[in-house]
Q: 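Take a look at this one; I'll ask things after.
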Amino acid sequence: MVIIDFLQALSNSLPALATGMVVTLKITVVAVGVGIAWGAVLAVMRLSSLKPVALFAHTYVTVMRSVPLVMVLLWFFLMVPQLIQSVFDLSPRTDIRLVSAMVAFCLFEAAYFAEIIRAGIQAVSRGQLNAAQALGMSYLKAMRLIVLPQAMRATVPALMTQSVALFQDTSLVYVIGLSDFFRTSKNIADRDSTTVGMIIFAGSVYLLISLLASAGVKALQRSNAKS
């Protein structure tokens with residue numbers, strides 16, 4: 001009887017849960033896209049021969065990798081909402097919590113993506129960069145056309161693994177009151193007094209998506225090993 005009541009409550013809550021999952025996926029997709037792009041820039045900067053540029057990238061990566069993600073989320077939500085609104089020219093009706101979460105995740109995860117990409121760049125033979133420069137390419141052009149494509153291809157599995165971890169970490173946005181999938185599940189559980197069942201259901205959804213993504217990572221690793 002209890003299980004039947006829970007399944008009925010779950011069925012009635014599916015639209016709200018779907019809306020929460022959309023928020024979770026929005027944060028994940030934006031953070032992965034922007035994080036990898038900014039991470040690639042940071043990786044190149046860390047390997048730059050210009051000391052101020054390399055120092056900036058090193059400091060950025062070190063700081064972001066040394067503080068908890070929850071703290072970064074709270075920083076952007078509590079300390080810089082007005083700045084975010086002015087920079088992005090947001091309407092007062094825009095949910096600043098979602099924008100704050102996206103910005104925080106993008107900047108935070110970029111530090112981790114940067115280290116993965118940097119390792120990929122360093123795995124590419126230095127001779128290829130030297131040969132490109134000997135042909136008249138600038139350092140940045142050679143990095144963009146010759147080195148980075150190889151580094152990105154080699155690090156795709158690691159980048160995807162980090163993306164899976166990012167997806168799981170999106171549940172932390174509950175600290176700023178954003179109704180992602182996890183917080184929506186918790187709110188429904190509190191409303192219907194189905195805490196145990198709802199948390200198990202939410203965990204199962206995260207587990208299923210993570211397992212599917214991990215299977216994709218392993219398939220890519222096997223594909224890379226054959227090529």
Q: Do V217 and L208 belong to the same hydrophobic cluster, where Ile, Leu, Val, Met, Phe, Trp and Tyr are linked whenever their side-chain heavy atoms lie under 4.5 Å apart, directly or via other members?
A: no
Q: So which heavy atom on F181 is nearest to which on L17, and how close?
A: CD1-O, 3.5 Å
Q: Answer whether the closest heavy-atom distance between the side chains of I27 and L178 falls below 4.5 Å.
A: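 A side-chain contact exists here, since the closest heavy-atom pair is under 4.5 Å.
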Q: Answer with yes or no whether the hydrophobic clustering places L42 together with L55; edges join I, L, V, M, F, W, Y residues whose side-chain heavy atoms lie under 4.5 Å apart.
A: no
Q: Suppose we screen for side-chain contact (heavy atoms from CB on, under 4.5 Å). Which residues come up paired with S138, at least two apart in sequence or across chains?
A: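 For S138, the residues satisfying side-chain contact (heavy atoms from CB on, under 4.5 Å) (neighbours in sequence not counted) are L140, K141.
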Q: So which atom in F108 and which in M64 form the shortest heavy-atom distance, rounded to 0.1 Å?
A: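 Distance-wise, the nearest heavy atoms are CE1-O, 3.1 Å.
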Q: Determine whether V22 and L98 fall in the same hydrophobic cluster, where Ile, Leu, Val, Met, Phe, Trp and Tyr are linked whenever their side-chain heavy atoms lie under 4.5 Å apart.
A: no
Q: If hydrophobic clusters are built from ILVMFWY residues whose side chains come within less than 4.5 Å, do V196 and I199 share one?
A: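 Result: no, two separate clusters.
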Q: May I have the step-by-step check of side-chain contact (heavy atoms from CB on, under 4.5 Å) for M160 and V164, ending in yes or no?
A: CA-CA 6 Å; M160 286 189 63; V164 173; 5.7 Å; no
Q: Working note: L148 + V124, criterion side-chain contact (heavy atoms from CB on, under 4.5 Å); need CA distance, chi angles, decisive distance, verdict.
A: CA-CA 9 Å; L148 269 179; V124 177; over 6 Å; no
Q: With sequence neighbours excluded, tell me which residues meet side-chain hydrogen bond (donor to acceptor under 3.5 Å, both in side chains) with D190.
A: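 Result, side-chain hydrogen bond (donor to acceptor under 3.5 Å, both in side chains) vs D190: K186.
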Q: Sorted by first residue and then second, give each salt bridge (charged side-chain N to carboxylate O under 4.0 Å, His left out) pair with at least one member in residues 166-185; sequence neighbours left out.
A: none
Q: Could you pull out the closest heavy-atom pair between T195 and A189, with the gap in Å?
A: CA-CB, 3.6 Å
Q: Within the structure provided, determine whether I117 and L159 are in side-chain contact (heavy-atom separation under 4.5 Å).
A: yes
Q: Please report the C-alpha distance between I209 and M21 in whole Å, then the side-chain angles of each, then the deciding distance to 0.1 Å, and finally whether the side-chain contact (heavy atoms from CB on, under 4.5 Å) criterion is met.
A: CA-CA 11 Å; I209 294 176; M21 179 56 73; 3.9 Å; yes
Q: Please find the pair of heavy atoms, one from A43 and one from A114, that lie closest to each other, and give the distance.
A: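 Looking at all heavy atoms of both residues, the shortest contact is CB-O, 3.5 Å.
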Q: So how far is it from Q168 CD to L172 CG, rounded to the nearest 0.5 Å?
A: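 Taking CD in Q168 and CG in L172, the distance rounds to 10.5 Å.
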Q: Under the ring-ring contact (aromatic ring centres under 6.0 Å, His included) test, which residues partner F105, sequence neighbours left out?
A: none
Q: Taking ring-ring contact (aromatic ring centres under 6.0 Å, His included) as the definition, give me every residue that meets it alongside F201, ordered by chain and number, with sequence neighbours left out.
A: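 Testing F201 for ring-ring contact (aromatic ring centres under 6.0 Å, His included), a comparison that skips the adjacent residues, returns none.
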Q: With a 4.5 Å cut-off on side-chain heavy atoms, are I146 and M137 touching?
A: yes
Q: With ILVMFWY side chains joined below 4.5 Å, transitively, what does L207's cluster contain besides itself?
A: L211
Q: Verify, without hydrogens or angle tests, whether R97 (side chain) and G177 (backbone) share a donor-acceptor contact under 3.5 angstrom.
A: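 A pair under 3.5 Å: yes.
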Q: Determine whether V29 and M102 satisfy the following criterion, side-chain contact (heavy atoms from CB on, under 4.5 Å), listing intermediate values before the conclusion.
A: CA-CA 9 Å; V29 171; M102 286 180 174; over 6 Å; no
Q: Quick one: list whatever passes ring-ring contact (aromatic ring centres under 6.0 Å, His included) with F113, sequence neighbours left out.
A: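 F113 satisfies ring-ring contact (aromatic ring centres under 6.0 Å, His included) with no residue once adjacent residues are dropped.
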Q: Mind checking whether M71 and V175 have side chains closer than 4.5 Å, heavy atoms only?
A: no
Q: Would V41 and M152 show up in the same hydrophobic cluster when neighbours are defined by side-chain heavy atoms closer than 4.5 Å?
A: yes
Q: For Y60, which residues count as a ring-ring contact (aromatic ring centres under 6.0 Å, His included) partner, sequence neighbours excluded?
A: W38
Q: Given side chains that start at C-beta, do those of V34 and L107 come closer than 4.5 Å, heavy atoms only?
A: no
Q: Which residues pass the side-chain hydrogen bond (donor to acceptor under 3.5 Å, both in side chains) test with E115, not counting sequence neighbours?
A: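 Per chain and number, E115 pairs via side-chain hydrogen bond (donor to acceptor under 3.5 Å, both in side chains) with R46, R118.
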Q: Supply the atom-to-atom distance F76 CZ to S100 OG, rounded to the nearest 0.5 angstrom.
A: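 Separation between the atoms: 8.5 Å.
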Q: Flag the pair V30 / C106 as yes when at least one side-chain heavy-atom distance between them is below 4.5 Å, and no otherwise.
A: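 Sidechains of C106 and V30: in contact.
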Q: Can you list everything that forms a side-chain hydrogen bond (donor to acceptor under 3.5 Å, both in side chains) with S13? Sequence neighbours excluded, please.
A: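 side-chain hydrogen bond (donor to acceptor under 3.5 Å, both in side chains) list for S13, sorted by chain: R191.
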Q: Quick one, T28 and S163 - any side-chain contact, counting heavy atoms below 4.5 Å?
A: no
Q: Side chains of L25 and T170, heavy atoms from C-beta outward: is any pair under 4.5 Å?
A: no
Q: Which atom pair, heavy atoms only, marks the closest approach of L166 to A31?
A: CD1-CB, 3.7 Å
Q: Knowing that exactly one of I188, N187, T184 qualifies, which makes a side-chain contact (heavy atoms from CB on, under 4.5 Å) with M198?
A: I188
Q: Show me the pairs that pass ring-ring contact (aromatic ring centres under 6.0 Å, His included) and involve residues 152-176, at least two apart or across chains.
A: F167-Y206
Q: Mark yes or no for whether T19, through its side chain, and P15, through its backbone, hold a donor-acceptor pair below 3.5 Å.
A: yes
Q: Say you draw a straight line from NE2 of H58 to OG of S48; how long is it, rounded to the nearest 0.5 Å?
A: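 H58 atom NE2 to S48 atom OG measures 14.5 Å (nearest 0.5 Å).
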Q: So which pairs with a foot in residues 142-152 pass side-chain hydrogen bond (donor to acceptor under 3.5 Å, both in side chains), sequence neighbours left out?
A: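 As it turns out, the side-chain hydrogen bond (donor to acceptor under 3.5 Å, both in side chains) pairs with a partner in residues 142-152, which skip direct neighbours, are Q128-Q150.
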